Structure formats: structure tokens, C-alpha cells
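Right, one structure below, let's go through it.
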Amino acid sequence: MNKFYHIVTYGCQMNVHESEKIAGILSDMGYESCDSPEKADIVVFNTCCIRENAENHAFGNIGMLKKLKAARKDMIIAVGGCLPQQMNKAENLHEKFPYVDIIFGTHNLHRLKELILKKQRQKKAVIEIDDSEGEICEEDKPLRTSYPNAWVNIMYGCNNFCSYCIVPYVRGRERSRDSAKIIEEVRSLVADGYKEITLLGQNVNSYKGDLSFPRLLEEIAKIDGKFRLRFMTSHPKDFSQELIDVMAKYPKICHCLHLPVQSGSDAILKAMNRKYTAGQYLEKVAALKAKIPDCAITTDLIVGFPGETDEDFKATLELARKVNFSSAFTFVYSKREGTVAAKMENQVHEEVSKARIMQLVDLINSQTRALSQTYIGKTIEILCEDYDEKRGLYLGRDEYGRMGYFASDENLVGQFVNIKVEQANGVSLTGSIVG
Ligand code: SAH
Ligand code: SF4
Ligand code: F3S
């Protein structure tokens, strides 16, 4: 009898990649992937708690499995990731959802097989949340699901303690993988035909192996074969000229940088504990553009941080106008229990935050649209990633991260394709294959 697993993933790329590690563990145990909880013998929720709505989303979906579990008692439900790693959350989860069989923290992922075997021996729920800072487990072999892209962790955890952010509490302290292991992993991925490598870390610039991050990036960029190299996320305070120089030197490194600014107001940046001013951010952007004029810059922005005034918000709009981001993730500040900002008094009213985010989204959308228009008539190189059933078109991205759609009779997933752009709809482009 075949046994099936179904994984539901929330949150950032880190979690997406960790779900591939979970898939690796389950497939080693003889389970096969399936696309619905109804068919599954084990359902794993890999959760996120970065904002309240991420948490609610997971809670809602775990709640929906109650009936299914009552009908199929032998089915295993496991909840892992960042949500249960928060203080007292595992107990809350267990009380709220007593039918959940396994609850595990971010530092316990590599023990999932043991936890499943333990659950099969006992009736009681298995709860394992380590508070340790977390070691690096090199054992897990991910079952990759994002070909032709491959995610590669270079470091884990975060030491920055931005005052709004829960990540340092749920992911532990920074720890870096050995550079030799990272380089070897990339080499073998390229040999296996992966065409895009994305190096992952909460703050890749504070990578502290035996090499600095720019040197590590350089060593990876020297690996033979045609592939694209990306990395995320970069913290502006650590983003250096040395890194810009490496990005400029190696054509494999995409001219695309995710550099979250969060706010354009110095007072807010200070209260956020971001350790740079708007002016310093703009200087780094200018240094990058001076060396790599075509570099696309994307960012994350938060509105409604405690104490944010109209003036502060205007400074954010102003900064966004100056940088002309090629795209941006915009968020309404969400209070996270246990963080420094959660204790700040002057929390911004929801209505004010809502109005601000709408204004910010309008600005970012108009910038993104204007940039898309400049693509019309140009030929761009797309790495074909997938086929969109609804539109009947293949899709992929150019090195700047722009999504491009095109028609093809042949399956081109995993191939570099030149397309001439004919249409620009918001963030995405449509074109036809050229020679
Ligand atoms: N390590 C990365 C990303 C962390 S989380 C970095 O430092 O940039 C991704 C984004 O979520 C952050 O950049 C921030 O914009 C947003 N975010 C984090 N905590 C938040 C909170 N409490 N409320 C709203 N947005 C938040
Ligand atoms: Fe959170 Fe700041 Fe660390 Fe990013 S750098 S994960 S925003 S604490
Ligand atoms: Fe969410 Fe955890 Fe990532 S809180 S954003 S999944 S590190």
C-alpha cells in the first residue's frame, strides 16, 4: 500500500526550502507526495508567524482538518515551522487543536522521522520544541520541487533584532554553513541541471564562514556551466562596496538585489533598530547604480510602525520615489508578542495604517507599471520555469526578476529562451520567442 504526504507551506523562501527538506525525510520513509489532505496519510503544516495574518491563516487551515481527522483517525497531522517555536505557542496549539499529532519547532525539523515513529507508538501528541540556538544539520537531503531553481541555505538565524521582528526569537542565533559544503552543493546542483541558484539567509551579508559573503559569492560564480546566481536577503547596514564589485564582475550574478529598507524616516529606522539612515541607504543604492546601472532593486516596506507620523510616512514615499524600486513588498506593521516594538506605546491606528498602505501600494504599482512599459519591443532572456494552464503559456523570469509569458509547442522548462516583449500588464510581460 502506498502512503502519501501533503505539505502546506507558509512564509518565506527559508520555509519553502525547509518544506523540501521535510519532503526529503518523508520520501526516505517511503511516503509519496500528493496534492490534497484528503488523500494524505500525513499532512504537515510548515508555518510562519511573521505577521498576525500569517498566523491566522495557518490556524484557519489546521482547524479545517478537524472533520477529516475525525473520519480518518490513522491520519497524522504535524505542525512545524516558526509558529510553534514562539513562546507558549506549542501549548496553545495543542489546547486549541488536540487532534494535531505532532508539534515541532524550527530546531527540530531534522528529527521529524523520529517524531513520526514516536507518534505511531503512542496515543498522546508528540511535542518537541528545542530552545537551543540550533545547530546546523547537514544530514537532510531536500527533495527539490522548484526546478530549474534551487535554494541553497548559506546561514540560519538572525542576530539583528529589528524591534518589530519575531524571526530572531523563532530562528535562533546566526550560524553559517561551511563554505566548502555550500560550494560543493552548488557544484552538484549545476551538474544535475539546475539553472538558477538562490543563496538563502535572513541576512546573507553577515555570513561568517571561513570566507566573507562576497568571497563566497565569487567562488560560486566561478563554477563552470550556464546558471544564474541570486541571493537573499541583504541587510542594508552590511551591504558593501566589495559585494557590489563582485556582483559587477561576474555575469552569472543577476543584476537584481533585494534590499529591504522598511522606512524612509530616520526616526522610525532608529526605533526599528535598523542601524542605517535613509541617507545611508540612498548612498548604497547610488554606489550600486554607479557600478551596475541596470541593477533592479526590490525592497520591503512597513507602514504604521509605532509612532509613525504623517511626516515619517511622507519620507517613506519620498524614498520610494527616489529609488524607483522595480517592485516592493509592502506590509502593515503587525504587533508581535515578545518583540521590543510590541511594548511601544504610540501604536498607529488601523485606519491610518490602511490609508497609508493604499497610498504606498499605488506609488509602487505605478513605478512597476512604468518600468514594465519600458520593456516593450525589447528582447529579454527568460529562464523558463513553468507552464500556466489557465493562460496556456510558458513563463519564467529575466535576470532582473521580471515575469515573462510566451507560447511554445515544446516544453521549455529549464531552458533559457529569448523573447521579444509585446505587452506589459502591470508586473508581467508577454512576448514571442525569437531566434
Ligand atoms: N530577513 C529579512 C526578511 C525578514 S521578514 C530582512 O531582514 O529583510 C520579511 C519582511 O517582513 C521584512 O523585511 C519586513 O518588511 C516584514 N516584517 C517583519 N516583521 C514584521 C511585522 N511585525 N509587521 C509587519 N511586517 C513585518
Ligand atoms: Fe527580522 Fe531584521 Fe532579522 Fe530581517 S534582519 S529577520 S527584519 S530581525
Ligand atoms: Fe515567516 Fe519564519 Fe520566514 S516567521 S517569514 S517563515 S523565518
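Since we're looking at a predicted model, the values are computed, not measured. Throughout, residue positions are numbered sequentially from 1 according to the sequence presented.
- When only modelled atom types and interatomic distance are considered, Asp312 and Thr309 share a side-chain donor-acceptor pair under 3.5 Å.
- The CD1 atom of Ile102 lies 11.5 Å from the CG atom of Asn108; values are rounded to the nearest 0.5 Å.
- Between Arg215 and Ser179, every side-chain heavy-atom pair lies at or beyond the 4.5 Å cut-off.
- Between Lys21 and Leu112, every side-chain heavy-atom pair lies at or beyond the 4.5 Å cut-off.
- Qualifying ring-ring contact (aromatic ring centres under 6.0 Å, His included) partners for Tyr375, counting only residues two or more places apart in sequence or in other chains: none.
- Note that the CD1 atom of Ile103 and the CD1 atom of Ile127 stand 4.5 Å from one another [nearest 0.5 Å].
- Within the structure, salt bridge (charged side-chain N to carboxylate O under 4.0 Å, His left out) contacts touching residues 281-305 (residues at least two apart or in different chains) are Asp245-Lys291.
- For residues 411-434, no pair satisfies salt bridge (charged side-chain N to carboxylate O under 4.0 Å, His left out), with sequence neighbours left out.
- With a 6.0 Å radius and a threshold of 12 heavy atoms from other residues, nucleotides or ligands, Glu38 has its CD atom above the threshold.
- No side-chain donor-acceptor contact under 3.5 Å links Arg356 to the backbone of Glu351.
- With sequence neighbours left out, the side-chain contact (heavy atoms from CB on, under 4.5 Å) criterion links Gln202 to Cys12, Met14, Cys158, Val167.
- Side chains of Glu308 and Val352 form no contact here, defined as non-hydrogen atoms less than 4.5 Å apart.
- Under the 4.5 Å side-chain criterion, counting only non-hydrogen atoms from C-beta, Val427 is not in contact with Met403.
- Distance alone, capped at 3.5 Å, is enough to place a donor-acceptor pair between the Thr47 side chain and the Gly80 backbone.
- Closest approach of Phe4 and Lys39 over heavy atoms only: CB-O, 3.9 Å.
- Taking the charged nitrogens against the carboxylate oxygens, Glu350 and Lys354 do have a contact shorter than 4.0 Å, which makes a salt bridge.
- In this structure, Lys252 contributes its side chain and Ile223 its backbone to a donor-acceptor pair below 3.5 Å.
- A distance-only check finds a donor-acceptor pair linking the side chain of Gln280 to the backbone of Thr277 [under 3.5 Å].
- With sequence neighbours left out, Tyr387 forms a ring-ring contact (aromatic ring centres under 6.0 Å, His included) with Tyr394.
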Per-pair distances, 0.1 Å, donor-acceptor, side chain in residues 51-61, under 3.5 Å, sequence neighbours excluded:
{"residue": "Glu55", "atom": "OE1", "partner": "Lys89", "partner atom": "NZ", "Å": "2.8"}
{"residue": "Glu55", "atom": "OE2", "partner": "Gln86", "partner atom": "NE2", "Å": "3.4"}
{"residue": "Glu55", "atom": "OE2", "partner": "Arg336", "partner atom": "NH1", "Å": "2.6"}
{"residue": "Asn61", "atom": "ND2", "partner": "Tyr10", "partner atom": "OH", "Å": "2.9"}

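- Contact of the Phe239 side chain with the Leu288 side chain is registered, since non-hydrogen atoms from C-beta on lie closer than 4.5 Å.
- Without hydrogens or angle criteria, Asn160 side chain to Cys162 main chain gives no donor-acceptor distance under 3.5 Å.
- Between the side chain of Thr299 and the main chain of Val261, a donor-acceptor pair closer than 3.5 Å is present.
- A donor-acceptor contact shorter than 3.5 Å is absent between the side chain of Asp101 and the backbone of Ala78.
- Remark: Tyr194 engages Tyr147 in a ring-ring contact (aromatic ring centres under 6.0 Å, His included) (not counting sequence neighbours).
- Phe325 CZ to Ile297 CD1: the interatomic distance, rounded to the nearest 0.5 Å, is 7.0 Å.
- The ring-ring contact (aromatic ring centres under 6.0 Å, His included) test with His235 singles out one residue from Tyr281, Tyr276, Phe213, and that residue is Tyr276.
- Using a 4.5 Å heavy-atom threshold, the side chains of Phe313 and Ile268 count as separate.
- The shortest non-hydrogen separation linking Val332 to Ser353 is CG1-CB, 3.8 Å.
- With respect to Arg144 and Glu185, a salt bridge is recorded, a charged nitrogen being found less than 4.0 Å from a carboxylate O.
- With sequence neighbours excluded, no residue forms a side-chain contact (heavy atoms from CB on, under 4.5 Å) with Glu345.
- In this structure the side chain of Gln85 reaches within 4.5 angstrom of the side chain of Ile129, judged on heavy atoms.
- To the nearest 0.5 Å, the span separating OG1 on Thr368 from CG on Asn324 amounts to 8.5 Å.
- Legend: residues meeting ring-ring contact (aromatic ring centres under 6.0 Å, His included) with Phe416, ordered by chain and number and at least two apart, are absent.
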Output, in order, the C-alpha distance, side-chain angles, deciding distance and verdict of side chain to side chain contact (heavy atoms under 4.5 Å, CB included) for Lys275 and Asn273.
-> CA-CA 6 Å; Lys275 302 192 175 81; Asn273 192 28; 3.5 Å; yes
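- A donor-acceptor pair shorter than 3.5 Å can be found between the side chains of Glu174 and Ser206.
- When all heavy atoms are compared, the tightest approach of Arg402 to Ser372 is NH1-OG, 2.6 Å.
- The side chain to side chain donor-acceptor pair (under 3.5 Å) contacts involving residues 325-334 comprise nothing, where partners must be two or more places apart or lie in separate chains.
- The two residues Ala271 and Ser163 come nearest to each other via the heavy atoms O-OG, 2.7 Å.
- Applying the salt bridge (charged side-chain N to carboxylate O under 4.0 Å, His left out) criterion to Lys96, with sequence neighbours excluded, gives no partner residue.
- Between the side chains of Asn205 and Ser234, at least one donor N or O lies within less than 3.5 Å of an accepting N or O.
- Donor-acceptor pairing under 3.5 Å is recorded for the side chains of Glu20 and His17.
- Of all heavy-atom pairs spanning Pro260 and Pro236, the tightest one is O-CG, 3.2 Å.
- Side-chain N or O atoms of Thr106 include one that pairs as donor or acceptor with a backbone N or O of Val170 at under 3.5 Å.
- Arg230 contributes no side-chain N or O that, together with a main-chain N or O of Glu196, makes up a donor-acceptor pair within less than 3.5 Å.
- Residues Leu319 and Ala278 come closest through the heavy atom pair CD1-CB, 3.9 Å.
- Formation of a donor-acceptor pair under 3.5 Å by the Thr9 side chain with backbone atoms of Val16 is not found in this model.
- Between Arg228 and Glu399 there is no salt bridge, since none of the side-chain N atoms of the basic residue sits less than 4.0 Å from a carboxylate O of the acidic one.
- Taking OG of Ser263 as the reference point, atom NZ of Lys270 lies at 14.0 Å (rounded to 0.5 Å).
- Counting only heavy atoms from C-beta outward, the side chains of Asn149 and Arg397 never approach each other to under 4.5 Å.
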Please step through side chain to side chain contact (heavy atoms under 4.5 Å, CB included) for the pair Ile419 and Asp398, ending with a clear verdict.
-> CA-CA 10 Å; Ile419 68 163; Asp398 73 353; over 6 Å; no
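- Between the CD atom of Gln423 and the OH atom of Tyr405 there is a distance of 12.5 Å, given to the nearest 0.5 Å.
- In this structure, the side-chain contact (heavy atoms from CB on, under 4.5 Å) partners of Asp178, at least two apart in sequence or on a different chain, are Lys181.
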